K.L.:
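Structure incoming, see below.
Just so you know, these numbers come straight off a predicted model, no measurement behind them.
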Amino acid sequence: QVQLVESGGGLVQAGGSLRLSCAASGGTFNDYGMGWFRQAAGKEREFVATISRSGVNTLYGDSMKGRFTISRDNAKNMVYLQMNSLKPEDTAVYYCAAFISWLLRTRATDYTYWGQGTQVTVSS
């Protein structure tokens with residue numbers, strides 16, 4: 001059983017930056033691919049980014065490309081999401097998630113473990 005705890009959310013002005021962190025425990029961290037999803041009020045959960053077990057391979061949602069960067073530190077059991085040039089439409093609860101596969105995954109249903117989420121609010 002893997003436990004995931006997100007942190008780093010908050011209120012930021014448009015154009016600003018935030019760095020989300022996700023601490024993993026209870027499993028062998030580099031057995032898992034990791035991802036970030038977000039869910040805005042009244043909307044479905046949306047894929048943000050994913051990173052492979054080794055950290056070499058990444059994928060991003062279309063609206064995040066060039067602004068967000070996912071990374072991981074397997075020695076610290078941590079995954080990060082650096083968010084730059086934030087827009088009001090990035091406002092959402094951001095979730096960290098883990099999956100078991102050598103391939104990258106973009107569907108929420110492919111993820112086995114989820115954190116509780118952290119709120120990101122971008123003001124205009």
K.L.:
Might you point out which heavy atoms bring V79 and F29 nearest each other, and give the distance in Å?
P.N.:
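Looking at all heavy atoms of both residues, the closest pair is N-CZ, 4.3 Å.
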K.L.:
Stepwise, does the ring-ring contact (aromatic ring centres under 6.0 Å, His included) test hold for F68 with W36?
P.N.:
CA-CA 11 Å; F68 291 8; W36 288 94; 10.0 Å; no
K.L.:
Measure from the ring center of F37 to the ring center of F47 and say whether it is less than 6.0 Å.
P.N.:
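Ring centres of F47 and F37 closer than 6.0 Å.
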K.L.:
For S101, give me all partners under side-chain hydrogen bond (donor to acceptor under 3.5 Å, both in side chains), at least two apart in sequence or on another chain.
P.N.:
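Here the qualifying residues are R105.
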K.L.:
Quick one: are T109 and F99 in side-chain contact, heavy atoms under 4.5 Å?
P.N.:
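Result no, sub-4.5 Å side-chain heavy-atom pair not found.
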K.L.:
Tell me the closest heavy-atom pair linking P88 and A14, and the distance in Å.
P.N.:
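Closest approach of P88 to A14: CD-CB, 4.1 Å.
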K.L.:
If hydrophobic clusters are built from ILVMFWY residues whose side chains come within less than 4.5 Å, do L59 and I100 share one?
P.N.:
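Cluster IDs for L59 and I100 differ.
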K.L.:
Measuring from atom OG1 of T28 to atom CG of N74, what distance do you get when rounded to the nearest 0.5 angstrom?
P.N.:
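Nearest 0.5 Å value for the OG1-CG distance: 11.0 Å.
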K.L.:
How far does CG of L20 sit from OH of Y95, to the nearest 0.5 angstrom?
P.N.:
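So the CG of L20 and the OH of Y95 are separated by 13.0 Å.
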K.L.:
Are E46 and S63 close enough, and set up right, to give a side-chain contact (heavy atoms from CB on, under 4.5 Å), and what steps lead you there?
P.N.:
CA-CA 11 Å; E46 178 185 21; S63 63; 4.0 Å; yes
K.L.:
Distance-only, no hydrogens or angles: does the E6 side chain make a donor-acceptor pair with backbone N or O of C96 under 3.5 Å?
P.N.:
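It does hold such a pair.
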K.L.:
With rounding to the nearest 0.5 angstrom, report the OG to CD distance, S25 to Q1.
P.N.:
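If I round to the nearest 0.5 Å, the distance is 10.0 Å.
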K.L.:
If the threshold is 4.0 Å, N to carboxylate O, is there a salt bridge linking K87 and D90?
P.N.:
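Judged by the 4.0 Å cut-off on N to carboxylate O distance, K87 and D90 do not form a salt bridge.
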K.L.:
Please report the closest heavy-atom contact between Y60 and A49, naming both atoms and the distance.
P.N.:
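Closest heavy-atom pair between Y60 and A49: CD2-CB, 3.6 Å.
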K.L.:
Quick one: closest heavy-atom pair of A108 and W114, and the distance?
P.N.:
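Looking at all heavy atoms of both residues, the closest pair is O-CZ2, 3.5 Å.
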K.L.:
Nearest 0.5 angstrom please: Y94 OH to Q119 CD, how far?
P.N.:
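If we round to the nearest 0.5 Å, Y94:OH and Q119:CD are 9.5 Å apart.
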K.L.:
Could you go through V93 and R38, starting from their C-alpha distance and side-chain angles, then the distance that decides it, and tell me whether this counts as side-chain contact (heavy atoms from CB on, under 4.5 Å)?
P.N.:
CA-CA 5 Å; V93 177; R38 68 185 185 186; over 6 Å; no
K.L.:
Any side-chain heavy atom of M34 within less than 4.5 Å of one from R53?
P.N.:
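Counting from C-beta outward, M34 and R53 never come under 4.5 Å.
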K.L.:
From I70 CD1 over to M83 CE, what is the distance, rounded to the nearest 0.5 angstrom?
P.N.:
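So the CD1 of I70 and the CE of M83 are separated by 12.0 Å.
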K.L.:
With a 4.5 Å limit on heavy-atom distance, are the side chains of L18 and V120 in contact?
P.N.:
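Yes. Closest side-chain heavy atoms under 4.5 Å.
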K.L.:
Just by distance, no angles: are the side chains of T106 and Y111 close enough, under 3.5 Å, to form a donor-acceptor pair?
P.N.:
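There is no such pair (donor and acceptor under 3.5 Å, judged by atom type) between the side chains of T106 and Y111.
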K.L.:
Is a side-chain N or O of T91 found less than 3.5 angstrom from the main chain of V122, in a donor-acceptor match?
P.N.:
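Looks like yes, one N/O pair under 3.5 Å.
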K.L.:
Taking all heavy atoms of S21 and all of M78, pick out the closest pair and write down the distance.
P.N.:
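For S21 and M78, the tightest heavy-atom pair comes out as CB-CE, 3.7 Å.
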K.L.:
Would you say the side chain of S71 lies within less than 4.5 Å of the side chain of Q82, judging by non-hydrogen atoms?
P.N.:
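Side chain of Q82 against side chain of S71, heavy atoms only: no contact under 4.5 Å found.
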K.L.:
Establish, yes or no, whether the cationic atom of R19 lies under 6.0 Å from the six-membered ring centre of Y80 and within 45° of the ring axis.
P.N.:
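Yes, a cation-pi geometry holds between R19 and Y80.
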K.L.:
Go through it in stages, so that I can follow the logic: the residues are L81 and T69, the test is side-chain contact (heavy atoms from CB on, under 4.5 Å), and I'd like the CA-CA distance, side-chain angles, deciding distance and then a yes or no.
P.N.:
CA-CA 6 Å; L81 184 69; T69 303; over 6 Å; no
K.L.:
So I51 and N57, side-chain contact (heavy atoms from CB on, under 4.5 Å) or not? Walk me through it.
P.N.:
CA-CA 6 Å; I51 189 166; N57 298 304; over 6 Å; no
K.L.:
Minimum heavy-atom separation for S123 to L11, with atom names?
P.N.:
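Here S123 and L11 meet closest at CB-CD1, 4.3 Å.
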K.L.:
Keeping R72 on the side-chain end and S52 on the backbone end, is there a donor-acceptor pair under 3.5 Å?
P.N.:
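Here the side-chain-to-backbone pair exists.
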